Amino acid sequence: MTEKTIHFSYKEYTSVSELEPADAALLQSAREVTRLAYAPYSHFHVGAAARLTSGAIVKGTNQENASYPVTICAERILLGNAAMQYPGEGIDALAISYNSEGENDHPISPCGMCRQALLEYEGRTDHPIRLILSGQEGRIWVIPAASLLLPFAFTRTELETSTGK
Ligand SMILES: [Zn+2]
């Protein structure tokens, strides 16, 4: 038996003023775009803003539905926008924020489904997506690559192996 460990490093900032100006602006965009969320059921408004390798900015917000499972998270709305508007282009940084009826003072991280979608996007563009996570205020987490949030992920490599490609 061999015991193995997975770990990764991320950075925590106490204030937006500690971020690089471009990252601070991206986080501000994510915070502001929460107003475009459609969240009449959860009242949990999520905003995401990404800076692509060209410098272009793409945004997304959660879009809920009376049939709850139809709901799409802000991150996957953003990825769809990026894929359509800037096909093939990598994402340098992606900021995620939220505005809810509770405290909005701590970071949230992507749900499991979005972690899978972010991982796929990193793979198809061959570019890591740095995540900037924060509420409307308070501390900020910066994670070097979205794939770090999904260890032992199921990826296209498995399909290529199983189909002999
Ligand atoms: Zn999600």
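Numbering of ligands and ligand atoms starts at 1, following listing order. Here the structure is a predicted model, which is why all the values come from computation and not from measurement.
- A distance-only check finds a donor-acceptor pair linking the side chain of N81 to the backbone of K59 [under 3.5 Å].
- Using a distance-only test at 3.5 Å, with no hydrogens or angles considered, no donor-acceptor pair links the side chain of E32 to the main chain of L27.
- Protein contacts to the Zn ion (ligand 1) involving N, O or S atoms at a distance below 2.8 Å are C73 SG, C111 SG, C114 SG.
- Listed for the E64 side chain is a donor-acceptor partner under 3.5 Å among the backbone atoms of S42.
- Of the possible polar contacts, none joining the N62 side chain to the Y38 backbone as a donor-acceptor pair under 3.5 Å is found.
- No option in T34, T61, L36 other than T34 meets the side chain to side chain contact (heavy atoms under 4.5 Å, CB included) test with H45.
- Between the E137 side chain and the N104 main chain, no donor and acceptor come within less than 3.5 Å of each other.
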